[in-house]
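Below is one structure; the comments refer to it alone.
A, B, ... follow the sequence lines: proteins, then strands. Residue 1 opens every chain.
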Number of protein chains: 2
Amino acid sequence: MKSATHHLANPTINDIARVAEVSLATVDRVLNARPGVRESTVQKVNKAIADLGYVRDTAAANLARGRVYNFTFILPSNSNEFLVMLEAQIEQLNRRMRHERTKLSCTRVTAFDPVALAEAIKAIDASQVDGVAIFGPETPSVRDSIAHLKANGVTVVSLVSDVPSSERDYYVGLDNVAAGRTAAQLLGRFLGDTRGKIAVLTGSMLARDHLERRLGFDEVMARDFPNLQVLASLEGRDDPDLIEKLVPQAIDSSPDVIGIYSSAAGNEGLLRAFRSWKPARRPVVIAHELTPLSRAALRAGDFDAVISQDCGHLVRSAVRIMRANSDNIPINLAQERIRIDIYLKENMPH
Amino acid sequence: MKSATHHLANPTINDIARVAEVSLATVDRVLNARPGVRESTVQKVNKAIADLGYVRDTAAANLARGRVYNFTFILPSNSNEFLVMLEAQIEQLNRRMRHERTKLSCTRVTAFDPVALAEAIKAIDASQVDGVAIFGPETPSVRDSIAHLKANGVTVVSLVSDVPSSERDYYVGLDNVAAGRTAAQLLGRFLGDTRGKIAVLTGSMLARDHLERRLGFDEVMARDFPNLQVLASLEGRDDPDLIEKLVPQAIDSSPDVIGIYSSAAGNEGLLRAFRSWKPARRPVVIAHELTPLSRAALRAGDFDAVISQDCGHLVRSAVRIMRANSDNIPINLAQERIRIDIYLKENMPH
DNA sequence: GTGAAAGCGCTAACAA
DNA sequence: TTGTTAGCGCTTTCAC
């Protein structure tokens, strides 16, 4: 392929140096905002940069620097399917990116334990790590340790569940209020004009994502579906055994449950409960996260729809953002937005 | 950040050269399968590569080569919203990637015109272009010109609508049969047990994507919804004016139309028809592609759901694949799979 | 304050 | 058939 490098060729620091009448080293100092350059020289160089429309070649810069990006993911040690998938994606991306000067590691922290999480964050060595992605509850101690990390120049993103009051650079995850609204709309439309009750399964009242989903769900239910009455949340703590016990209890006490919104992890428990409990009319079920289990349930007709977020996308997005932030370059917001995926059995990936 | 490069540091061609006891140039020859190396030397080098687990640093290689990737998109000149969005994404990505040695360009060809498309493909100069992404109908002449391109070492991907019988390297687009099935399931579930007729709007019988959607739609309708009767397709040729005329005609002749599947472009015509035609009970409408118009229709309640493919993803995916193929490196299949997005007004991106 | 020169991992003349 | 060398765009000593 001819490279046809006429006047369109991108300018390099050599061009800047020539135009600004300084050396390469000086251009580099200005580019990287290093001290020890006379102000008038800085001006000259910056003018040349602007005039030529110079954009730094990050690949070449990283090559010269021998730069290696080190990113850490902090995840709940709770090992449900979603977490297993997330960790698999991290490992896979780590293998792919080892050869692109990017290393990913993973730390697990007791689920729903803010103290343990805060300690794990404090244990991060800011001199060894460029960015941290945190999936955990939002509490004051967690916020403080995030602030500490940030103060030491580490990029911080919250993952799956946001910590909006903190100084995190970015939230990588879906809009959980909107996800709850979506579940409600789907459930309501699938049920048509039928009158009845809706059971909601949640994980923990500590988890912001779970709270937000419930919020959105209730909002749309109240607004659009007066024929449906939403019951109090069943707090399953993402524990299949607990959920398996809770569900039949709740449903036996109000027999006209015609819909279930499983808004957190623990689909396994719900499905187990289904095996023993056979009502006359199967309730419409909306669950979260496309996993081997929920796929099977969709296929079998036990679940009617699944709201999901793409694990691979979450991980790639977190890494792209941490990388861009480390280099101080902008991100493509549209690309990083995590979609609220709706899956029926017809549109599941193979 | 300390780079902590102990024994984990990736091996370079220097390491290979040292271990294989040859020069850098010879390693390079073997790596790039260039001729003029004794077979026994090739073996030695390959052994060293395998032993050390060497992986080439593509960024450094591209820097040294001064390599510039040139990719061309061939699109229908029909300028509906979807095409406008697609082209905008191409332009945007081109701006982002100009500084990463990747240039994108765009050619428009009369819509639904296989001859014009085949000519446009033949007009590609294989010595100037590394990859071509084609969005157009599948005909023998198109297949032939794709074969010609491939023979000249150009990577070819089909975009949005596949040309499966050709030698294209990859299809970037969604599974249209599954998309049709999804539309049917959604429409059927939203309608509940109501009896009535369904109108289907299609673009052209030449377009493989449109045909496939209809196929999947009919399959699920026949299987799961005996209460619904699907009418013959209205061929709108993606032309809003034509569609605006067709829809009221069709609906007036069979008044019990309770659902509409708009499977192609031309939502504008459908929405215009809606403005004059006010039935007692508004039909449930499933349309394709999330665009400014369909978003507004979702919000207003004129559309009940939209099946969509992410334009940004389509373009990024096509470019990643053409790039990987030019370099002969593997792709991440999961990342490149185009999702069948379902949008309700609740889960639309802002 | 500023510049010259070596080098990151790889490629491509040109010699040998 | 093989090796030597210069250089891609950028960074980084170390001197001046």
Do the side chains of [X] and [Y] get close enough for a salt bridge, i.e. N-O under 4.0 angstrom?
X: A:Glu336; Y: A:Arg320; result: yes
X: B:Arg143; Y: B:Glu167; result: no
X: A:Asp130; Y: A:Lys103; result: no

Is [X] touching bases, backbone alone, or none of the nucleic acid, heavy atoms closer than 4.0 Å?
X: B:Val27; answer: nothing
X: B:Asp57; answer: sugar-phosphate
X: B:Arg34; answer: sugar-phosphate
X: B:Ala61; answer: sugar-phosphate
X: A:Arg29; answer: base

Worksheet item: If you pin A:Tyr54 and B:Ser23 to their nearest nucleotides in DNA chain D, which one's is more 5'?
Response: B:Ser23
Discussion item. Go nucleotide by nucleotide along DNA chain D from the 5' end; which of A:Asp28 and B:Pro35 gets its closest nucleotide reached first?
Written reply: B:Pro35
Protein-nucleotide distance ([X], atom [atom1]; [N], atom [atom2]), rounded to Å:
X: A:Arg18; N: D:dC10; atom1: CZ; atom2: P; value: 13 Å
X: A:Leu24; N: D:dC8; atom1: CG; atom2: P; value: 11 Å
X: B:Arg67; N: D:dG9; atom1: CZ; atom2: C1'; value: 18 Å
X: A:Asn14; N: C:dA4; atom1: CG; atom2: C1'; value: 13 Å
X: A:Gln43; N: C:dT2; atom1: CD; atom2: P; value: 12 Å
X: A:Ile13; N: C:dA4; atom1: CD1; atom2: P; value: 13 Å
X: B:Asp327; N: C:dT11; atom1: CG; atom2: P; value: 11 Å
X: A:Arg101; N: C:dG9; atom1: CZ; atom2: P; value: 7 Å

Report yes if a side-chain nitrogen or oxygen of [X] is closer than 4.0 Å to either non-bridging phosphate oxygen (OP1 or OP2) of [N]; otherwise report no.
X: A:Thr26; N: C:dG3; result: yes
X: B:Asn62; N: D:dC8; result: no
X: A:Thr41; N: C:dT2; result: yes
X: A:Arg56; N: D:dT11; result: yes
X: A:Arg38; N: C:dG1; result: no

Practice prompt. Taking all non-hydrogen atoms of both residues into account, name the closest pair between B:Met322 and B:Ala133 and its distance.
Written response: SD-N, 4.0 Å
Discussion item. Quick check on A:Glu21: does its CD atom have over 12 non-hydrogen neighbours (other residues, nucleotides or ligands) under 6.0 Å away?
Written reply: no
Worksheet item: Under 6.0 Å from the NZ atom of A:Lys122, do we count more than 12 heavy atoms belonging to anything else shown?
Response: yes
Worksheet entry | A:Leu63, nearest nucleotide to its side chain (from D:dG9, C:dT11, D:dT12) | D:dG9
